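Report on the structure given below.
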There are 2 protein chains.
Amino acid sequence: MTTVSNVVNGRLELMSEATRERVAAAIRELNYRPNAGARNLRLSQRGAVGLIVVDESPRFLADPMTSNILAGISNYLSGNGYGLLVTGIRRAAVADLHLLRRDQTDGLCIMASGTQQERRALYRQFKDTGQPIVIFQDEAPDFMTDTLSIRQDDHKAGELLAERLIQRGARRLALLVPAQSWPAMAERQAGALAAATRHGAKLDTVTCGSEEIADTQLAIARYVERSGLPDALLGGNDQMGCAALTWAQDRNFAVPGDVRVTGCNGFAFIDYVRPRLTSIASPAYEMGKQGGAMLLQRLSEGRFKQREMLFDVTLVPGGSD
Amino acid sequence: MTTVSNVVNGRLELMSEATRERVAAAIRELNYRPNAGARNLRLSQRGAVGLIVVDESPRFLADPMTSNILAGISNYLSGNGYGLLVTGIRRAAVADLHLLRRDQTDGLCIMASGTQQERRALYRQFKDTGQPIVIFQDEAPDFMTDTLSIRQDDHKAGELLAERLIQRGARRLALLVPAQSWPAMAERQAGALAAATRHGAKLDTVTCGSEEIADTQLAIARYVERSGLPDALLGGNDQMGCAALTWAQDRNFAVPGDVRVTGCNGFAFIDYVRPRLTSIASPAYEMGKQGGAMLLQRLSEGRFKQREMLFDVTLVPGGSD
DNA sequence: CTGAAAGCGCTTACAG
DNA sequence: CTGAAAGCGCTTACAG
């Protein structure tokens with residue numbers, strides 16, 4: 001058994017070539033696949049990481065940001081012999097989550113949602129598992145000790161978009177945000193506001209019932225009725241930007257002639273609208289990959305090397321601004 | 001230990017209310033979380049299912065079909081105490097896959113790609129693990145015994161789209177398909193061809209370098225140069241449909257006035273183009289959910305109740321046809 | 001209801 | 001290089 005274990009785990013220097021090949025032949029012949037659970041039990045590890053996406057919708061992967069982060073984490077972990085257990089869950093059901101009630105992962109990756117208070121309550125529950133945690137797209141509250149927060153620079157994203165619009169002559173900007181906002185969205189808003197203030201431009205915030213197309217367009221219509229057409233409509237994300245674009249087209253406003261429009265995060269579908277949506281390129285996939293890497297490093301070295309990672313963003317010009 | 005095990009596993013009838021509460025209190029106090037791996041080892045089960053997406057791109061979740069199926073599987077399994085281990089992998093790397101080399105799952109869900117020969121080679125490797133397998137969006141070859149194939153009715157999808165276009169007066173249809181096709185795409189093509197033949201209409205197949213927007217638009221341009229503008233451009237999926245839509249718009253062709261356009265699968269972004277893309281609603285999420293359910297049923301009952309499931313599709317009218 | 005024991009399939013220190 | 005043994009944390013049949 002010792003030698004087989006040594007072969008399976010690649011400690012090949014402990015035996016002769018002939019022995020190695022004999023064992024390998026037997027493995028092939030028997031179609032032997034080592035039981036990963038037994039190995040993990042013996043080594044007091046779990047061999048897997050949990051990804052928990054807290055979302056009220058069962059389609060928790062609908063947002064490309066989420067699925068890109070997932071792909072990044074998954075690829076890194078799979079390449080390093082770790083499993084990724086994926087769960088999407090409504091906030092109310094988190095307490096019953098298998099990943100929290102049973103000990104089956106070495107660490108957790110979290111994408112939370114809801115108000116700050118709600119997210120803090122979630123993080124406390126996750127912390128109670130005693131596992132190291134990577135939080136995506138949110139800051140780690142002070143009480144989260146064994147934690148790494150990974151975000152993209154959404155403040156800069158807001159600034160880049162607002163500055164570009166102002167440079168092109170816009171003086172009154174309207175930023176579309178969902179009623180139920182989230183930290184990244186708030187950062188974009190703060191960034192856009194900072195840029196507007198710096199350049200003496202005006203930034204209105206238009207609160208939409210949700211980020212869905214119908215709610216977004218309704219909110220735009222009401223805002224324009226009240227305040228007139230702004231120089232620019234900034235979608236809080238690509239979906240809201242595209243909603244603004246089609247709203248303008250449905251009313252026969254020229255984009256960018258009558259009103260400029262932008263999005264944020266730059267996922268695939270911005271190339272499918274006309275004019276192409278000016279947006280921000282999100283490093284979501286890379287964030288996921290780094291999150292996986294940092295978590296495995298934490299597991300092997302005992303602590304996270306840093307408390308936060310902030311990923312740079314860049315502007316992707318389309319024709320809509 | 002016996003009583004604690006009975007509490008943890010919900011065999012509450014074996015003890016008094018007082019005992020139950022004493023154990024529960026101790027669990028809370030100690031923040032005890034049972035080790036899932038040890039339980040699985042004792043019960044000779046793995047407690048998890050693997051999802052393998054064979055894709056040459058690291059962004060293996062970019063297609064909404066894939067991420068919707070994943071969400072469906074994940075939600076069903078999580079709700080039933082099973083884990084889902086997600087891996088995206090290039091075909092060339094499949095042989096080294098952890099999910100194949102180690103014994104860590106009770107069953108596999110597969111989304112393959114490539115030619116029929118390549119997919120057969122993949123399925124043989126998966127079969128060698130001895131696990132029950134659910135194949136999505138492809139038929140199960142004869143040699144796959146312990147297998148369930150789950151597909152949507154793509155033949156009907158092709159028929160529905162072609163028939164609708166013909167009813168609206170189209171006589172020459174052009175179907176856009178990627179050079180590297182796949183079974184679902186071939187089914188759509190067969191369905192569209194059957195409908196065209198039945199109604200005496202003409203269906204040309206336009207092979208595009210890939211399903212990417214640039215390749216699709218290039219292929220359309222070449223086809224139109226050679227054969228003139230068809231009455232309708234049928235995208236093999238929504239992405240290709242949207243590519244056709246923007247191609248027409250960039251050339252100042254009216255849609256549907258000069259040329260009708262359709263997509264297939266009906267994911268979110270078809271609402272963000274103008275006119276809205278007429279498409280087919282894919283039951284991808286439901287397929288994933290049923291796949292998870294059928295796999296767990298297979299695990300508890302010893303065999304799949306059926307060899308195939310075919311999900312119905314419906315047409316979603318937009319303004320593009 | 002509790003306690004003692006066996007065993008799931010591994011890893012690893014140790015003796016030969 | 002091989003063999004025997006302990007132990008990872010559970011479940012479960014059995015005795016008390």
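As a basis for the values below, the full set of heavy atoms in this structure was taken, side chains included, without hydrogen atoms, waters or symmetry mates. Note on naming: letters A, B, ... go to the chains in the order of the sequence lines (proteins, then strands), and numbering restarts at 1 for each one. Keep in mind the model is a prediction, meaning the values are calculated, not measured.
- Here the shortest heavy-atom pairing between B:Leu84 and B:Leu70 reads CD2-CD1, 3.4 Å.
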Any chance you could list the contact pattern along nucleotides 7-16 of chain D? Use B for base contacts, S for sugar-phosphate-only contacts and - for none, protein heavy atoms under 4.0 Å, 5' to 3'. BBBBBBB---
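- Residue-environment remark: CZ (A:Arg90) stays at or below the threshold of 12 foreign heavy atoms within 6.0 Å.
- Atom CZ of A:Arg307 has more than 12 neighbouring heavy atoms from other residues, nucleotides or ligands inside a 6.0 Å radius.
- Taking a cutoff of 4.0 Å between a charged side-chain nitrogen and a carboxylate oxygen, B:Glu21 and B:Arg28 qualify as a salt bridge.
- Few gaps surround CD on A:Glu13; more than 12 heavy atoms of other groups in view lie less than 6.0 Å from it.
- For B:Gln116, the CD atom sits in a loose shell: 12 or fewer heavy atoms of surrounding residues, nucleotides or ligands are nearer than 6.0 Å.
- By the 4.0 Å N-to-carboxylate-O rule, A:Arg20 lies close enough to A:Glu17 to be salt-bridged with it.
- For B:Arg22, the CZ atom sits in a loose shell: 12 or fewer heavy atoms of surrounding residues, nucleotides or ligands are nearer than 6.0 Å.
- Where pairing requires Watson-Crick or G-U contacts shorter than 3.5 Å, the helical stems of DNA chain D with at least three consecutive pairs are C:1-3 with D:14-16, C:5-12 with D:5-12, C:14-16 with D:1-3.
- Separation of atoms CE (A:Met309) and CZ (A:Arg151) is listed at 12.0 Å; rounding is to 0.5 Å.
- For the contact set between residues 17-24 of chain B and DNA chain C, defined by any heavy atom under 4.0 Å, the members are B:Thr19, B:Arg22.
- In this structure, CG on A:Leu108 lies 9.5 Å from CG on A:Leu51, to the nearest 0.5 angstrom.
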